[in-house]
Q: 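Starting off with a structure, shown below.
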Amino acid sequence: MCMFVSRVLRGVQSFIMSSKYNVVFVLGGPGAGKGTQCAKIVEEYGYLHLSAGDLLREERDEAGSEYGELIEGHIKNGTIVPVEITCSLLERAMKKSEKDNFLIDGFPRNQNNLEGWNKEMGEKVNLKFVLFFECPLDVCTQRCLDRGAAGSGRSDDNIESLKKRFETYMNATMPIIDHYDAINLVRTVNATGTPEEIFEEVKKLFS
Ligand code: C5P
Ligand code: MG
C-alpha cells in the first residue's frame, strides 16, 4: 500500500516536472564568457540558448518597435530594461521554440527581473540551477574592449558604457546571485581561463 502510494506520488511529481520548462540561468559580469560557454553547452547538451541581451537588441532593431528607443537608452547606460518587456520576449521565444530545455543568459539581472519572472513564469518553470561565471573586473573589461575593437558593433563595448555596466552588475545583479546562493542553486565556475579550460569545468555540471 505504502509503496503503491509513493509510486503514484513519484509519477505525479515526474509528470508535473516534465510538463514544465527546464531552465538554467546563466549569470556573470559583462565579458565573463556567458555567450561563448552557452554556445558550447548547446552543441554538447542540446539546450536552447536564449540571451536576454540578444533578444533586447533584436527587439530594438525591429522596424517600428515601440520599445526601440527605451531599450537602446538602457543598453548605452548599462541599466536594466523593465521586466515586462524582457520577460515577454523570453516567454515568446520559449513558446515559439517548442523545446523544453533552456539556457537563459543574462537574466535575471536585478530585483525587478527576478520578481517579474517569478510572477509570470514561476509556475511554468523548473529552475535547475544558476550557472555563475566568476571573473575579475580587469579580465572582463579587457575582453569587452577587445570585442569592441574586433568589431562587435555593440554600442556598449566602450569604456564609458562598461563602467556603468559593471556598476549595475555589482549593485543589482550580485544581490540576485546571493539570493540564489542562499537557496543552494548557484554553481560557480572560474571564468578566467581559455574557453576550452572553462568548458571543462562547465561539463562537470551538466553531465
Ligand atoms: O547580457 P548583455 O551584456 O548582452 O546585455 C546587454 C545590455 O542589455 C545590458 O547592459 C542591459 O542594458 C540590457 N539587458 C537588460 N536586461 C537583461 C539583460 C540585458 O536590460 N535581463
Ligand atoms: Mg552575451
Side-chain angles (χ1 to χ4, degrees), residues 23-42 47-62 65 67-94 102-121 125 127 130-135 137 139-148 150-177 179-180 189 191 195 198-199 202:
V23 165
V24 173
F25 285 140
V26 183
L27 291 173
K34 303 184 292 290
T36 304
Q37 294 300 317
C38 283
K40 291 179 175 292
I41 298 165
V42 166
Y47 277 72
L48 190 86
H49 173 212
L50 295 176
S51 154
D54 288 349
L55 288 170
L56 287 166
R57 282 182 287 271
E58 261 171 46
E59 177 63 29
R60 174 197 64 190
D61 297 341
E62 201 65 45
S65 163
Y67 303 120
E69 277 176 35
L70 182 140
I71 292 172
E72 179 56 15
H74 282 290
I75 287 179
K76 267 219 172 104
N77 250 315
T79 46
I80 305 300
V81 173
V83 68
E84 289 74 18
I85 297 175
T86 316
C87 192
S88 68
L89 293 173
L90 286 168
E91 187 172 13
R92 189 170 78 190
M94 290 167 85
F102 301 92
L103 296 169
I104 299 191
D105 154 8
F107 187 94
R109 280 281 239 282
N110 66 3
Q111 190 64 25
N112 170 259
N113 274 188
L114 177 67
E115 283 170 11
W117 171 269
N118 283 343
K119 189 165 149 230
E120 185 60 32
M121 301 299 288
V125 159
L127 178 61
V130 177
L131 179 56
F132 171 44
F133 290 109
E134 196 169 36
C135 191
L137 196 140
V139 176
C140 282
T141 306
Q142 198 52 52
R143 285 181 185 163
C144 290
L145 292 177
D146 290 349
R147 183 169 71 184
S152 69
R154 284 180 56 153
S155 58
D156 59 353
D157 280 341
N158 58 74
I159 198 76
E160 293 75 34
S161 290
L162 269 169
K163 281 191 184 134
K164 298 173 186 164
R165 290 163 70 192
F166 279 115
E167 205 176 290
T168 301
Y169 172 64
M170 293 307 294
N171 296 333
T173 311
M174 277 313 295
I176 303 305
I177 296 164
H179 157 79
Y180 283 120
V189 169
I198 299 167
F199 191 54
V202 169

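Both counts, for ligands and for their atoms, begin at 1 and track the order of listing. Worth knowing before you read on, the calculation uses all heavy atoms, side chains too, and leaves out hydrogens, waters and symmetry mates. Since we're looking at a predicted model, the values are computed, not measured.
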Q: Are any of the side-chain heavy atoms of I80 and H74 separated by less than 4.5 Å?
A: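 A side-chain contact under 4.5 Å is absent here.
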Q: Heavy-atom count check: over 12 atoms from other residues, nucleotides or ligands less than 6.0 Å from R92 CZ?
A: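 Open: at most 12 neighbouring heavy atoms sit under 6.0 Å from CZ of R92.
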Q: Could you check whether D157 pairs with R165 (Lys NZ or Arg NE/NH1/NH2 to Asp/Glu carboxylate O, under 4.0 Å)?
A: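 So D157 pairs with R165 through a salt bridge.
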Q: Atoms of ligand 1 less than 4.0 Å from F107 heavy atoms?
A: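 Close to F107: 21 (N).
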Q: Mind checking whether R154 contacts ligand 1 via backbone (N, CA, C, O), side chain (CB onward), both or neither, at a 4.0 Å heavy-atom cut-off?
A: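 Side chain only.
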Q: Heavy-atom contacts with H74 under 4.0 Å: which atoms of ligand 1 show up? List them by number with element.
A: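 Listed by number with element: 12 (O).
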Q: For atom 2 (P) of ligand 1, what is the closest protein heavy atom, and at what distance to 0.1 Å?
A: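 That would be R109 NH2, 3.5 Å.
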Q: Pick, from K76, R165, R57, K34, the option with the minimum heavy-atom distance to atom 6 (C) of ligand 1.
A: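 It is R57 whose heavy atom sits nearest to atom 6 (C) of ligand 1.
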Q: Give the numbers and elements of all ligand 1 atoms closer than 4.0 Å to a heavy atom of L56.
A: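 Near L56, the atoms of ligand 1 are 13 (C), 14 (N), 15 (C), 16 (N), 19 (C), 20 (O).
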Q: Quick one: does G106 get an N or O within less than 3.5 Å of an N or O on ligand 1?
A: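 There is such a contact, yes.
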Q: Under 4.0 Å from any heavy atom of I80, which atoms of ligand 1 are there?
A: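 So the atoms of ligand 1 that pass are 16 (N), 20 (O).
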Q: Ring pair (Phe, Tyr, Trp, His ring centres under 6.0 Å) with F25: which of F133, F132, W117?
A: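 In the set F133, F132, W117, the residue that makes a ring pair (Phe, Tyr, Trp, His ring centres under 6.0 Å) with F25 is W117.
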Q: Around atom CE of M174, are there more than 12 heavy atoms of other residues, nucleotides or ligands at under 6.0 Å?
A: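 More than 12 heavy atoms, drawn from other residues, nucleotides or ligands, come within 6.0 Å of this atom.
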Q: With the side chain counted from C-beta on, respond yes when N110 and N171 share a heavy-atom pair under 4.5 Å apart, and no when they do not.
A: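 N110 does not reach N171 side chain to side chain.
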Q: Is there a polar contact, in the sense of an N or O pair closer than 3.5 Å, between D54 and ligand 1?
A: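 So ligand 1 has no N or O lying under 3.5 Å from an N or O of D54.
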Q: With atom 11 (C) of ligand 1 as the reference point, say which of I75, V81, T79 has the nearest heavy atom.
A: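 Looking at heavy atoms only, the winner is T79.
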Q: Looking only at distances, please establish whether an N/O atom of ligand 1 is found under 3.5 Å from an N/O atom of S51.
A: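 By distance alone, the answer is no.
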Q: Find out whether F166 and C140 are in side-chain contact, i.e. whether some heavy atom of one side chain is under 4.5 Å from a heavy atom of the other.
A: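 The answer is yes, as the side chains (C-beta and beyond) meet within the 4.5 Å cut-off.
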Q: I'd like to check V26 versus Q37 (side-chain heavy atoms, cut-off strictly below 4.5 Å). Are they in contact?
A: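 Not touching, per the 4.5 Å side-chain cut-off.
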